[in-house]
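Input: a single structure, listed below in structure tokens.
First listed ligand is number 1; within each ligand, the first listed atom is number 1.
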Amino acid sequence: MPSPIKGIHHITAISGPPKKNYDFYTNVLGLRFTKKTVNFDDPFTYHLYYGNYEATPGSSITFFPWQGVVQGSPNTGETTVTAYAVPKGSIEFWKGHFEKHGVYILSEESVFDDTRLLFKDSEGMKNELVESNGIVEIKPNPADGFPAKAAIRGFYGATLSLTDTGRTAELMQEFGWKKKGEESATIRFTSDPENNLGSVIDLKKEPGLKGRFGRGSIHHIAFRVPDDNAQQEWRKTLLQMGFSPTPVQNRMYFRSIYFREPGGVLFEIATDIPGFTKDEPLDSLGTELKLPPWYEQHRNEIERKLPDL
Ligand code: ZN
């Protein structure tokens with residue numbers, strides 16, 4: 001087998017109007033706006049990236065804001081919850097903060113010994129904050145109103161809602177992840193080392209969800225490999241296992257392959273390299289519209305058609 005998959009690389013979702021999405025993820029969650037670019041398959045739509053200060057792998061939540069798209073709701077066969085890692089003891093801060101901003105809190109509970117706060121974003125998408133060990137050294141976005149002792153550092157993990165967890169669990173084991181435990185309908189897998197960002201995947205047996213793909217739906221979840229060689233090895237292995245990974249796509253800040261895992265969830269395997277400083281310095285990430293070279297000749301038209309942020 002190729003070397004184990006280290007954790008989540010990024011998660012990509014669908015949102016409504018870009019301004020509303022931007023306001024929520026920067027002003028309400030306090031994330032850094034790390035890249036303003038376009039959907040490489042649809043250049044008149046933004047692709048907006050948010051993360052920690054250095055936009056490290058395991059911290060990027062990204063959105064395609066499709067203006068006219070219908071409201072989505074959770075479906076079996078999708079990634080249905082995104083969990084963010086916050087320092088121990090910070091949930092009280094977040095409850096007060098969410099109250100001030102009118103964020104809808106669904107519940108506060110303890111699951112697998114974690115304290116977590118479940119809430120909805122501006123599009124109704126389910127998210128969690130999870131108090132986590134070993135993350136305080138990671139540099140958060142130094143935004144006003146978000147003290148370092150509470151600020152989000154990146155992903156904690158994600159939940160996949162599945163008809164049957166069996167074959168997805170086998171795939172997570174092939175990825176090199178360990179079964180951590182089982183609580184009610186959920187099996188937890190963790191990558192090694194456990195306290196990496198994005199090192200938890202919960203497989204939830206939830207066969208009855210009959211939602212609709214739209215605003216607030218997660219399009220895909222991407223897992224990390226260090227470089228192109230590791231990605232090629234995984235591509236070969238996935239083919240041998242009977243999956244149908246796509247050819248490698250150049251996403252400027254990483255290279256990607258995509259495939260559907262046995263439960264129907266769209267998985268991506270993305271390289272850590274070259275990273276988000278490929279076309280702008282760390283200090284000014286997210287300040288200008290960045291286009292891949294093949295769209296530069298259409299920059300004027302693209303800028304004219306994109307809505308204001
Ligand atoms: Zn992706």
Taken by chain and residue number, the protein N/O/S atoms under 2.8 Å from the Zn ion (ligand 1) read H10 NE2, H220 NE2, E268 OE1
Are the aromatic rings of F267 and F243 close, with centres under 6.0 Å apart? no
Exercise. Could you walk me through whether F146 and I152 pass side chain to side chain contact (heavy atoms under 4.5 Å, CB included), step by step?
Key: CA-CA 9 Å; F146 296 90; I152 292 173; over 6 Å; no
- Query: Would you say the side chain of F259 lies within less than 4.5 Å of the side chain of S244, judging by non-hydrogen atoms?
  - Reply: no
- Task: Would you mind reporting whether Y46 and T62 have side-chain heavy atoms less than 4.5 Å apart?
- Result: no
Q) Taking E123 for the side chain and S15 for the main chain, is one N or O donor matched with an acceptor at less than 3.5 Å? A) no
Quiz item: Can Y84 and Y156 be said to form a ring-ring contact (aromatic ring centres under 6.0 Å, His included), step by step?
Solution: CA-CA 5 Å; Y84 295 92; Y156 176 79; over 10 Å; no
